[in-house]
**Q** 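Input: one structure, supplied below.
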Amino acid sequence: MEFQFDVDALLPERITVLDQYLRPPARRPGTTTPARVDLQQQIMTIVDELGKASAKAQHLPAPITSASRMQSNRHVIYVLKDTSARPAGKGAIVGFLKVGYKKLFVLDDREAHNEVEPLCILDFYIHESLQRHGHGRELFQYMLQKERVEPHQLAIDRPSQKLLKFLNKHYNLETTVPQVNNFVIFEGFFAHQHRPPVPSLRATRHSHGAALDPTPAAPARKLPPKRAEGDIKPYSSSDREFLKVAVEPPWPLNRAPRRATPPAHPPPRSSSLGNSPERGPLRPFVPEQELLRSLRLCPPHPTARLLLATDPGSSPAQRRRTSSLPRSEESRY
């Protein structure tokens, strides 16, 4: 690939490594040095033209390599220069190889997900007129030595059939591990990245605690055997005594004087304001004759005395006059 400017002077080495800054390499002594901005612009032109040629050869809708993409990503591009042909004394570009590290989620041979960050082949192009001359292998081998990686450790982004045949021919990479993304990895990719499965957190804590504490674990408690189910009784004799309900005569009949032993622990008093009068201990059922005799002998209730004392219509003189009248006159009232 030829350009209007002097490629041989711009790229003094046969293979030039360019990073995201696209700085021009150091020039050989004795050569004229034009403006620095013009040299960087020429390098950007080379990168753009190589990206367009690669996209055309792979039948891509748009280039995946350009100067703007290089400046926005931490990728590295290896540019191969033709030192034998000197059209018009300006040199030519044979091809390029772009690589970069990417964080990927890939599947291993057990279909387990693995998060890795391998070196990826992002774009690879050799001019059509210079293919099958060993230039591709020379460029690829230089990259492997520079990056210190093995071919099976690489991940290739959407490789073409030509690239797959190239890797199979020169590096015996044939068996691939199926993936769900656009990257292709080969057998042996996990040879240096595979790790044994991590035990669960509970198992780790258990083993760590067992190593720190040599005391043997306490034996498990044995539960008593379950009793055989027999005839289920509704309740015991004590429950029957507790469920008995004593019949109590209406109040105040149960207030008859009797000698009762005071309880050992008096019942707690209610904290409410409207307490009902306390009831005495329960008495057994009283026969009818004894009930009538109790009614005749029962003294008047304190409430009746209070009503008689506070009655405005009954003055002390009236009560004396009434009491002094004969029984016959008293009956008229």
Side-chain angles (χ1 to χ4, degrees), residues 1 11 13-25 40 43-58 60 62-82 93-106 114-127 130-131 134-173 176-177 179 181-193:
M1 181 178 291
L11 305 176
E13 303 295 334
R14 176 170 174 80
I15 298 178
T16 303
V17 182
L18 301 175
D19 56 9
Q20 60 179 351
Y21 301 105
L22 299 179
R23 295 193 183 100
Q40 189 173 18
I43 291 178
M44 294 174 65
T45 301
I46 292 176
V47 173
D48 289 339
E49 293 300 324
L50 289 175
K52 293 177 182 179
S54 176
K56 183 179 179 181
Q58 300 181 59
L60 300 178
I64 58 177
T65 300
S66 62
S68 59
R69 287 176 176 267
M70 285 290 300
Q71 292 175 340
S72 60
N73 296 279
R74 301 183 61 180
H75 298 159
V76 176
I77 184 171
Y78 292 82
V79 181
L80 177 62
K81 182 184 68 170
D82 187 5
I93 299 296
V94 177
F96 76 99
L97 174 61
K98 186 175 73 171
V99 298
Y101 287 90
K102 283 184 173 293
K103 184 175 294 186
L104 304 176
F105 290 91
V106 296
N114 298 268
E115 182 179 1
V116 295
E117 193 172 3
L119 183 67
C120 303
I121 304 298
L122 303 177
D123 203 356
F124 188 23
Y125 170 73
I126 299 295
H127 196 270
L130 298 175
Q131 293 180 4
H135 299 299
R137 178 177 172 80
E138 178 187 2
L139 184 59
F140 203 91
Q141 191 66 27
Y142 183 88
M143 181 273 302
L144 293 177
Q145 296 177 358
K146 191 76 173 179
E147 301 293 340
R148 298 180 181 180
V149 295
E150 297 294 331
H152 60 268
Q153 298 175 343
L154 300 172
I156 299 92
D157 183 15
R158 289 174 291 186
S160 62
Q161 291 298 324
K162 287 185 177 181
L163 180 55
L164 292 177
K165 292 179 181 180
F166 170 85
L167 296 174
N168 184 20
K169 176 182 178 181
H170 297 288
Y171 300 102
N172 297 323
L173 298 178
T176 62
V177 181
Q179 302 296 319
N181 49 27
N182 296 325
F183 285 84
V184 172
I185 60 176
F186 292 91
E187 187 177 13
F189 177 83
F190 296 97
H192 302 282
Q193 302 184 19

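Note: hydrogens, waters and symmetry copies are ignored here, and every other heavy atom, side chains too, is used.
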**Q** One pair to check against side-chain contact (heavy atoms from CB on, under 4.5 Å): E147 and Y101. What are the steps and the verdict?
**A** CA-CA 11 Å; E147 301 293 340; Y101 287 90; 4.1 Å; yes
**Q** Given side chains that start at C-beta, do those of T16 and K81 come closer than 4.5 Å, heavy atoms only?
**A** no
**Q** Using the test side chain to side chain contact (heavy atoms under 4.5 Å, CB included), find all partners of K169 that sit at least two apart in sequence or belong to another chain.
**A** none
**Q** Would you confirm whether Q40, through its side chain, and Y21, through its main-chain N or O, come within 3.5 Å as a donor-acceptor pair?
**A** yes
**Q** Exactly one of T176, L164, L122, L167 should register a side chain to side chain contact (heavy atoms under 4.5 Å, CB included) with I156. Which one does?
**A** L167
**Q** Mind listing the closest non-hydrogen atom pair of H135 and L130 along with its distance?
**A** CD2-O, 3.2 Å
**Q** Please lay out, stage by stage, how I64 and D157 fare under the test side-chain contact (heavy atoms from CB on, under 4.5 Å).
**A** CA-CA 11 Å; I64 58 177; D157 183 15; 5.8 Å; no
**Q** Does some side-chain heavy atom of N181 sit less than 4.5 Å from a side-chain heavy atom of F105?
**A** no
**Q** Quick one: does D48's side chain have a donor or acceptor within less than 3.5 Å of a partner on A67's backbone?
**A** yes
**Q** Do you know the tightest heavy-atom contact between F183 and A155?
**A** CD2-CB, 4.1 Å
**Q** Does E138 reach the side chain of R14, with side-chain heavy atoms less than 4.5 Å apart?
**A** yes
**Q** Looking only at non-hydrogen atoms, find the nearest pair between Y78 and K146 and report the distance.
**A** OH-CG, 3.4 Å
**Q** For the CD atom of E115 and the CG atom of L104, what is their distance to the nearest 0.5 Å?
**A** 9.5 Å
**Q** Is there side-chain contact between L173 and N168, with at least one heavy-atom pair below 4.5 Å?
**A** no
**Q** With a 4.5 Å heavy-atom cut-off, do L154 and F140 have their side chains touching?
**A** yes
**Q** Between F186 and Y171 (judged by ring centroids, cut-off 6.0 Å), do the two rings come close enough to count as a pair?
**A** no
**Q** Would you tell me whether T45 and E49 have side-chain atoms, one donor and one acceptor, within less than 3.5 Å of each other?
**A** no
**Q** Are P151 and L144 side-chain neighbours, meaning at least one heavy-atom pair lies under 4.5 Å?
**A** yes
**Q** Return the CD1 to CG distance between I15 and L97, rounded to the nearest 0.5 Å.
**A** 9.5 Å
**Q** A quick test of your reading: do over 12 heavy atoms of other residues, nucleotides or ligands sit less than 6.0 Å from CD of Q141?
**A** yes
**Q** Only one of V116, V177, V184 forms a side chain to side chain contact (heavy atoms under 4.5 Å, CB included) with V106, so which one is it?
**A** V116
**Q** Looking at every heavy atom in both P63 and G51, which two are closest together, and how far apart are they?
**A** CB-O, 3.7 Å
**Q** Can you confirm whether V94 sits close enough to L139 that some side-chain heavy atom of one is under 4.5 Å from a side-chain heavy atom of the other?
**A** no
**Q** Looking at side-chain heavy atoms only, is the closest gap between F96 and S54 below 4.5 Å?
**A** yes
**Q** Okay, side chain of Q131, backbone of I126: is any donor-acceptor separation there less than 3.5 Å?
**A** yes
**Q** Of all the heavy-atom pairs spanning V17 and Y142, show the shortest one and how long it is.
**A** CG2-CE2, 4.2 Å
**Q** Which atoms form the tightest heavy-atom contact between I43 and P24, and what is the distance?
**A** CD1-CA, 3.2 Å
**Q** Pairs in or reaching into residues 65-75: which pass side chain to side chain donor-acceptor pair (under 3.5 Å), with residues at least two apart or in two chains?
**A** T65-K98, T65-D123, S66-S68
**Q** Would you give the length of the straight line joining atom CE of M1 to atom CG of L50, rounded to the nearest 0.5 angstrom?
**A** 5.0 Å
